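The figures that follow rest on heavy atoms only: side chains count, while hydrogens, waters and symmetry mates do not. Computed from a predicted structure; not experimentally measured.
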Amino acid sequence: TMKNPVPQAASLLLEKLLLLVHIRPLPAGSGGETPPPAPGYYDTSCFKRGDLLEVPRTLFIHFGIYLGENRVAHLMPDILPTITSDRRQIQQVVTNKRLILGVIARTASVRVDTVEDFAYGGSILVNHMDRLFEGQVLDSEEAARRAEELVGTTAYSLLWNNCEHFVTYCRYGAPVSFQTEKFCETVKMIIRDQRSVLASVLVGLASIVCLGVAPSTTLPTIFIPFFLWMAG
């Protein structure tokens, strides 16, 4: 018998929604935000200015550019810069609530945090993406300079401007997001599978939330301009 694709599709879409908002997984039973590791948790002596730092999570990868002196520039969805200009409040570690509201408002900031706040206890890969951009790696100082110039409030879009777009622009000269491309291909694959109308509906709804666009097989084309606007 053919397996029902609905549970699998729903599970996949939930994972991708978590990828979208970069939610940090909290320990079991935790009722709130967990504190980041204490300063000195990471050995920063192996990092060089301009390095691309990559933190693999369960469902996504977070990226940043190392600026030296235990500082990392990285892009994160954040609603707070649109509400207040108080730099002390904005510089506090971004909570999940701020992340989610930032995604909804399509607002982010390129911020500078310590390695501890950036990685949040995860393992760090250094320049792991260089192998995919052979011959395109910019000078390390140029990569750091680009990151520093972009610090501040910016628009957020999973399709056009996420943390991976930011680092690939800084280090390789072109904004690219392999995570986004993989997600789009997965959505197309599920939509092409006509075994379940419900699975297609679920994918369509998730596409609206995640990408701001909906496949024509899911919703009337009259809504597409609105969805394209949402994509930023």
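Side-chain contact between Q89 and L80 is present, with at least one heavy-atom pair separated by less than 4.5 Å. Between Y66 and R71, every side-chain heavy-atom pair lies at or beyond the 4.5 Å cut-off. At a threshold of 4.5 Å between non-hydrogen side-chain atoms, the residues V72 and D113 do not count as touching. Between I65 and E148, the closest side-chain pair of non-hydrogen atoms is not below 4.5 Å. Between N162 and S157, the closest side-chain pair of non-hydrogen atoms is not below 4.5 Å. Counting only heavy atoms from C-beta outward, the side chains of L75 and N161 approach each other to under 4.5 Å. By the 4.5 Å heavy-atom criterion applied to side chains, H165 and S177 are counted as neighbours. Inter-residue side-chain proximity for T107 and Y156 is flagged as unmet; no heavy-atom pair is nearer than 4.5 Å.
Residue P77 comes nearest to G102 through the heavy atom pair CB-C, 4.2 Å, listed as atom of the first residue, atom of the second, then distance. Contact record, A73 with F166: O-CE2, 3.4 Å, taken as the closest heavy-atom pair. The shortest non-hydrogen separation linking S123 to P56 is O-CD, 3.4 Å. Y42 approaches A119 most closely through the heavy-atom pair OH-CB, 3.3 Å. Looking at every heavy atom in both residues, S109 comes nearest to P81 through CB-CG, 4.2 Å. Counting all heavy atoms, side chain and backbone alike, A105 lies closest to I79 at CB-CD1, 3.4 Å.
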Checklist entry - Can you list the steps and then say if V112 with L67 is a side chain to side chain contact (heavy atoms under 4.5 Å, CB included)? => result CA-CA 9 Å; V112 178; L67 301 180; 3.9 Å; yes

Next on the checklist: Checking R57 against Y120 for the side chain to side chain contact (heavy atoms under 4.5 Å, CB included) test, could you report, in this order, the C-alpha distance in whole Å, the side-chain angles of both residues, the deciding distance, and whether it holds?
Outcome noted: CA-CA 10 Å; R57 298 290 188 185; Y120 227 78; 3.1 Å; yes

Checklist entry - Between M76 and L99, is a side chain to side chain contact (heavy atoms under 4.5 Å, CB included) present by the stated rule, with each step listed? => result CA-CA 7 Å; M76 296 185 70; L99 282 167; 3.7 Å; yes

Checklist entry - Would R145 and E142 count as a salt bridge (Lys or Arg N to Asp or Glu O under 4.0 Å) if you check the C-alpha gap in whole Å, the side-chain angles of each, and the deciding distance to 0.1 Å? => result CA-CA 5 Å; R145 183 189 64 79; E142 171 66 13; 2.6 Å; yes

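Within a 6.0 Å sphere centred on CD of E69, other residues, nucleotides and ligands contribute 12 heavy atoms or fewer.
Between the side chains of N70 and T114, no donor N or O sits under 3.5 Å from an acceptor N or O. No hydrogens or angles considered: a donor-acceptor pair under 3.5 Å links the side chains of D43 and S45.
Taken together through direct or relayed side-chain contacts under 4.5 Å among Ile, Leu, Val, Met, Phe, Trp and Tyr, M129 and I61 form part of one hydrophobic cluster. Placement of L150 and L138 in two distinct hydrophobic clusters is found when ILVMFWY residues are connected by side-chain heavy-atom separations under 4.5 Å, directly or transitively. Hydrophobic clustering (side-chain heavy atoms under 4.5 Å, transitive across Ile, Leu, Val, Met, Phe, Trp, Tyr) keeps F63 apart from L125.
Not a single donor-acceptor pair under 3.5 Å links the side chain of H62 to the backbone N or O of L53. In this structure a side-chain-to-backbone donor-acceptor pair under 3.5 Å is present from E164 to F178. At least one donor-acceptor pair under 3.5 Å links the side chain of T168 to the backbone N or O of V176. Panel note: side chain T84, backbone D86; a donor-acceptor pair is recorded below 3.5 Å. R49 places no side-chain N or O within donor-acceptor distance of the main-chain N or O of S140, the cut-off being under 3.5 Å.
Atoms CG and CD, from L132 and Q136 in turn, are 10.0 Å apart once rounded to the nearest 0.5 Å. The OG1 atom of T154 lies 14.5 Å from the CZ atom of R111; values are rounded to the nearest 0.5 Å. Between the CD1 atom of I90 and the OG atom of S85 there is a distance of 7.0 Å, given to the nearest 0.5 Å.
Residues passing the salt bridge (charged side-chain N to carboxylate O under 4.0 Å, His left out) test with R98, sequence neighbours excluded: D78. With sequence neighbours left out, the side chain to side chain donor-acceptor pair (under 3.5 Å) criterion links D130 to R171, Y172.
Because its NZ or CZ atom is both nearer than 6.0 Å to the ring centre of Y169 and within 45° of the ring axis, R146 counts as a cation-pi partner of that residue.
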